[in-house]
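Just so it is clear: chains get the letters A, B, ... in the order the sequence lines come, proteins before strands, and each one is counted from 1.
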Amino acid sequence: MAESYHCVSSSSPSISEDVSRTSSEKEKQTVEKNQRSYNAAVNSDPIFAGLNEEQKQAVETLKGPLLILAGAGSGKTRTITHRIANLISQGVPAWQILAVTFTNKAAKELKERIARILQIAIGHDPTKSGGQLPLSGTFHSICVRILRRDIEAIGRNKTFVIYDSDDQEKLMQSVLKDMKIAPEELKPKTAIGHVSAWKSEAVSVDQARKAAATYTYQRMAEIYGNYQKKLREANALDFDDLLLETVRLFTECPQILERYQNTWRFIHVDEYQDTNRVQYQLISLLAKRDRNLCVIGDPDQSIYAFRGADIRNILEFKTEYKDAVSIKLERNYRSTQQVLDAADGVIAANPSRPEKKMWTDRKNGMKVKLEEVIDERREAEEAIRGVLERKKTGTALKDQVILYRTNAQSRQFEEACLRAGLPYRILGGMKFYARREVKDVLAYLYAILNPNDTLSLLRIINVPSRKIGNTTLTHLQNFCNQRNISLWNVMKHIEMVDELNDGVKNRISAFVDLLQELKTLSETAVVSSIAERVIVSTGLEKWVRDQTDEGETRWENILELLSVTKKYDALPPQESLMSFLEEVALISEVDKLNDQTTDALTLMTLHLCKGLEFSSVTIVGCEEGILPHSASQLDQSQLEEERRLLYVGMTRAKDFLSLMHASSRTLWGSVQSNARSRFLDDIPQNVLEVKSDMLDSKFGWLQDSRPSRPSEGYRKSTVKPFIQQNDDFNQDTDDSFLEHVEEELAEGMRIGHKMLGEGFVMSRSGDIIEVRFDSGQTKRLAIGIAPIRILATTNS
DNA sequence: CCCGCTTACGTTTTT
DNA sequence: CGTAAGCGGG
């Protein structure tokens, strides 16, 4: 946030003036010559040290359009950071450089690495005063900055709020309700899907109307129109709008576009294969004049077509920019040859991809393990057993990952981890900022900043309960709709609503007074004081802490939120509230991977793993119907994307890769037998080590590893229990968790679990107990396996 | 207002 | 089969 474009109007002479202006050929040659001699002089320069030829070329090519096809593990981030450092070392002011990424995490990493290389290369510490870093951010965060500054030029209010998907859904609900479309007929989610698809392809409401050939599409276009109208009335922008409105701003106000073109003379876009139509337009506009556009990506890692990413943006870059320099980074610094060969086998089968073959000098790797197991339970046990084995031979848990196609698959692995007492973290669960209590507090802050944010008003009007119920709200909303007045304005003049009785009117006035009081406070106070006052004057604490354990958790979440607000206290009062809300709106899931303090196995979907690397990767569920997913099997392009998804997963592996598939799997209550994934057939045999449970000579045909009766614990099954390894693994753990508790454990007892905390035993059948933990979650655990101990034998 | 039962649904997801 | 959301009863 610090390095904004307050320098927009600055025009101090600099090298970049020379480098960036389109100029005569002669001038151009001079620049290039200077560059070469400069490079020669500083060959020991840390900016170029350790780079391979292609990377060097990319780092040296500063002018004009540049396409970097960077394969997995080819040192992509390294190349961008060194290129940016090179620009700066040659005199381009940092504020003229823009780097666009897809996630906050990537933006942050880029920032840190640029700072580091600048420190080494030119001994300047950009974090200290005087120094400056290039702007690096996500498409959305950059658009928010632009809009906060200039959106009034296209007739909208600067204080807009950003709607997340929850808000979108609520808004769509009300749109459909107004149009008298029942949820059974059209679900809000489906409607949002259509609208968002239009918006990510930059189709306007009018265009959608015109193009609508059928009644269904006509009506969908009307829904789109009404949805946009409501957004505008609420002074809100959804995520798609952030991009769309910026494009509209640039198109309708060329002078504003020019100002930004003057600012950002050197543009970098990472993960270019994942850009959608609007993002493409945005970049085209910004780069149109100076054409110093560097895009980096890998068509083989395009896995987001389903949400509007258009792979053509990267494939056709050279058609779009005829003079583009194109560089391929094919040397892989991450994986062994075995991993690369396997991955290449899979991806090479995709048609119409640019010729690209990754290579490495890490020839002596382990073979890729391909393992068939009997069912999903056994799959989880085998996967965890493998993880434990590698942990023993020195691969820390945090260097290992299990990847699956769908979130629903995670449960088996989570349970297997719990049974084994293995620390794990799952990515992609409930997001902190999506929790109800957190959203409630945020809604107060949004409403304070912008009382026309009707959605936030509705969210908090009866939280905590003010006895303003549904009937009253329906009256109010009807009143608003009929007269086209915002809810806030109606509530401010509640006396004009005849239908309501005096009691309700008084309660509404009290609420209005409360908000206005808070609003006054917000003019002089920083966000943390405002938030604290919200909690105190609404009595939210008492409301949230309802004497249940869940209530305590909710309260802790609110305290956590309060501690986040404190980070914004250094800013001037109004700015503090605004910056906080802005960052919160655009934040992604709390970055669990950055928490490296605990050594834990990571579990996540294949989609989430892009950009990461692990020493050991286990990809499970490599079966027809799962990977490729059944919903993608009939469509050629979707099938290709599924293949890329597997490719992305495989190329995360540095040292060891394991692929698993189960010969039968219980899905939605029925047992399926899935053929192994067609993608596996494309892996060269010579890098594979194939293992199958099904024909294991020691055991013969294995039985289903699920116990046939609850009383037969896993330990009695014919399957060699991976869990016995547990004691070796748990050397460093608290022995009291390994008490022999089999016999006495019974319903009603209070137990402690090594990872899940404390809870009560709800029931016991055989060696399986069901425990309700104080955290609110209920888990089934295997006695003698789960790391539990008895705390009390009675309920008291 | 909350709990418990019924019902519907079941790719992938950042911002 | 499991979960989440919605609805109806206490």
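- You'll find that the side chain of Arg411(A) is closest to dG2(C), out of dT13(B), dT12(B), dG2(C).
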*Full working for side chain to side chain donor-acceptor pair (under 3.5 Å) between Ser200(A) and Asn276(A)*: CA-CA 6 Å; Ser200(A) 65; Asn276(A) 65 26; 4.7 Å; no

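- Stacking between His629(A) and the base of dT11(B) is present: ring centres sit under 5.5 Å apart and the planes differ by under 30 degrees.
- Here dG10(B) is the nucleotide among dT3(C), dT13(B), dG10(B) with the atom lying nearest to any side-chain atom of Lys187(A).
- Comparing the P positions of dT3(C) and dT12(B) gives a spacing of 15 Å, expressed to the nearest Å.
- The residue among Phe139(A) and Ser632(A) whose nearest nucleotide of DNA chain B is located toward the 5' end is Ser632(A).
- Within 4.0 Å of Phe306(A), counting heavy atoms only, lies at least one base atom of the nucleic acid.
- Asn407(A) has a side-chain polar atom (N or O) that falls below the 4.0 Å cut-off from OP1 or OP2 of dT13(B).
- If you look at Tyr404(A) and His607(A), their ring centroids are not closer than 6.0 Å.
- Between Glu624(A) atom CD and dT11(B) atom P the separation is 17 Å, expressed in whole Å.
- Going from atom OH of Tyr304(A) over to atom C1' of dT14(B) covers 7 Å, rounded to whole Å.
- One can place CD1 of Ile303(A) at 13 Å from C1' of dT11(B), the figure rounded to the nearest angstrom.
- Using a 4.0 Å heavy-atom criterion, one finds that Gln638(A) contacts the bases of the nucleic acid, with or without backbone contacts as well.
- Contacts of Asp274(A) with the nucleic acid, taken as non-hydrogen atoms under 4.0 Å apart, are absent.
- Taking the six-membered ring for Trp and thresholds of 30 and 60 degrees, Phe250(A) and Tyr260(A) have ring planes inclined between 30 and 60 degrees apart.
- A cation-pi arrangement is absent between Arg644(A) and Tyr647(A), since the terminal nitrogen or guanidinium carbon is not both under 6.0 Å from the aromatic centre and inside a 45° cone about the axis.
- Straight-line distance from the CZ atom of Arg405(A) to the P atom of dT12(B): 7 Å, rounded to whole Å.
- Atom CG of Leu427(A) and atom C1' of dT12(B) are 15 Å apart (whole Å).
- If you measure from atom NZ of Lys189(A) to atom C1' of dA8(B), you get 12 Å, rounded to the nearest angstrom.
- Judged by the 6.0 Å and 45° rule, Arg312(A) forms no cation-pi pair with Tyr280(A).
- Here dT13(B) is the nucleotide among dT11(B), dC1(B), dT13(B) with the atom lying nearest to any side-chain atom of His607(A).
- As a whole-Å value, the separation of Glu376(A) CD from dG2(C) C1' is 13 Å.
- Ile142(A) has its CD1 atom 18 Å from the P atom of dT14(B), to the nearest Å.
- Phosphate contact (OP1/OP2 of dT13(B), side-chain N/O of Thr605(A), threshold under 4.0 Å): present.
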